[in-house]
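The structure appears right after this line, and notes come after that.
Residue numbers start from 1 in every chain, and the chains themselves are labelled A, B, ... in the order their sequence lines are given, proteins ahead of strands.
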Amino acid sequence: MGENPISIHVLGICSALAITTKIDTAVVMTIAVVAVLSISNVVISLLRNNIPNKVRIIIQMSVIASLVIIADQVLKAYMYDMSKLLGVFLGLIITNCIVLGRAEAYAMQNSPSKALLDGMGNGLGYGTILIAVAFFRELFGFGSIYGAQVITNQIYLGGYENNGLMILSPGAFFILGLIVWAHRAYTETSDKD
Amino acid sequence: MQHYINIIINSVFIENILLIYFLGMCSFLSISKKVETSIGLGLAVIFVLSITAPANWAINEYLLAEGALSWAGLGHINLDFLQFIVFISVIAAMVQLVEMLMDRFSPALYVNLGIFLPLITVNCSILGTSLFLVERDYNLAESTVFGFGSGLGFFLAIVSLATVRKRMRYSDVPSSLRGVGMAMLLTGLISMAFLGFSGISL
């Protein structure tokens with residue numbers, strides 16, 4: 001957690017933000033990322049002594065892309081509505097810098113069992129942020145948590161309104177910015193500029 | 001003609017690939033520290049997108065989509081599950097090709113854009129554009145224009161963030177908010193400005 005891939009290294013936010021308007025899409029995305037990341041780490045770690053250095057990026061890419069295809073097909077088969085909601089963003093796990101980054105930085109040097117743990121850890125770290133962003137956006141944007149309405153009618157009658165900005169893209173940027181701020185203040189890290 | 005202009009305006013302002021769909025954020029945040037480099041990356045993205053969008057369109061139309069292989073007498077085969085892996089390989093290959101051609105024919109341009117090209121392969125906006133044009137059923141001309149427009153939108157967004165960040169140097173930001181945190185908040189503000197266009201329907 002101290003080196004959370006999103007808030008410290010700022011990797012992989014491409015696909016992180018678009019699907020965080022509700023918690024359930026964020027949860028499914030997290031599961032997909034954890035699965036792809038841990039399996040790809042294991043596969044690449046198993047292959048690491050047989051991959052020629054020059055073509056390693058291409059090989060890592062094809063391993064990752066194949067795994068994402070499998071994840072996509074599984075989702076289409078068992079959770080068709082959810083796969084419609086995630087749309088192109090599931091495919092974009094391929095270009096998610098975390099997956100390639102971990103493959104390159106960790107799995108190429110370490111044994112499969114360590115790589116599996118590394119993949120799961122990073123995937124869960126990523127998912128934590130994803131779900132945190134989704135929690136705030138759903139709470140303020142729809143007044144609900146994981147689909148259950150928490151802000152009751154009385155509060156709405158008292159003049160409370162859902163904040164529409166949270167559902168739109170700026171809301172995601174603000175919340176992620178604030179989470180990064182809080183996390184860095186807690187771990188006392190900072191950028192130079 | 002008007003139709004194509006609409007697609008450009010739509011992809012640059014109303015559905016900006018970066019500010020509305022969050023694609024290409026990784027390089028967006030890391031490259032936007034200097035205005036010059038952000039212009040370089042922006043141009044490289046425009047360039048690669050205008051080439052890969054029609055290329056991936058053609059591959060999808062004639063090789064992958066349902067019934068696409070009917071010209072070879074294989075109409076019953078549907079290969080669209082291969083989309084991701086084929087698209088990403090096409091993008092990687094195209095980037096390599098562009099890099100080599102540039103090196104051979106325009107060394108000056110290569111020196112300026114060269115370092116950004118390898119980064120582009122893993123830029124989500126490139127793959128995202130290819131996936132969007134399949135989802136939206138564009139034809140060849142439309143996808144070329146859409147690729148160019150998305151690139152232009154990326155260029156606009158990254159250059160504006162870089163210029164704003166340049167100004168931020170003079171302000172007193174809390175130490176743990178510096179860098180990425182502040183960049184996210186700024187992006188949120190720019191994105192709010194772009195939302196002003198969202199009421200326009202073309």
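- The two residues A:I179 and A:A132 make their nearest non-hydrogen contact at CD1-CB, 4.0 Å.
- Ranked by heavy-atom pairs shorter than 4.5 Å toward chain A, the options B:I91, B:L185, B:L186 are led by B:L185.
- At a 4.5 Å heavy-atom cutoff, the contact between B:I88 and chain A is made by side-chain atoms alone.
- Under a 3.5 Å cut-off, the side chain of B:R165 and the backbone N or O of B:A162 do not form any donor-acceptor pair.
- The greatest number of non-hydrogen atom pairs below 4.5 Å with chain A, out of B:L131, B:I190, B:V134, B:I126, is found for B:L131.
- Donor-acceptor pairing under 3.5 Å is recorded for the side chains of A:N122 and A:D118.
- Both the backbone and the side chain of B:L189 come within less than 4.5 Å of a heavy atom in chain A.
- For the residue pair B:Y4 and B:A141, the shortest heavy atom distance occurs at OH-CB, 3.6 Å.
- Counting heavy-atom neighbours within 6.0 Å of A:F174 CZ, excluding the residue itself, gives a total above 12.
- Of the possible polar contacts, one joining the A:N41 side chain to the A:A115 backbone as a donor-acceptor pair under 3.5 Å is found.
- B:W57 places a side-chain N or O within 3.5 Å of a backbone atom of B:Y138 that can act as its donor or acceptor partner.
- Checked by atom type and distance alone, the side chain of A:N110 pairs as donor or acceptor with a backbone atom of A:Y106 at under 3.5 Å.
- Residues of residues 63-78 of chain A placed with any heavy atom under 4.5 Å of a heavy atom in chain B are listed by number as A:A65, A:S66, A:V68, A:I69, A:D72, A:Q73.
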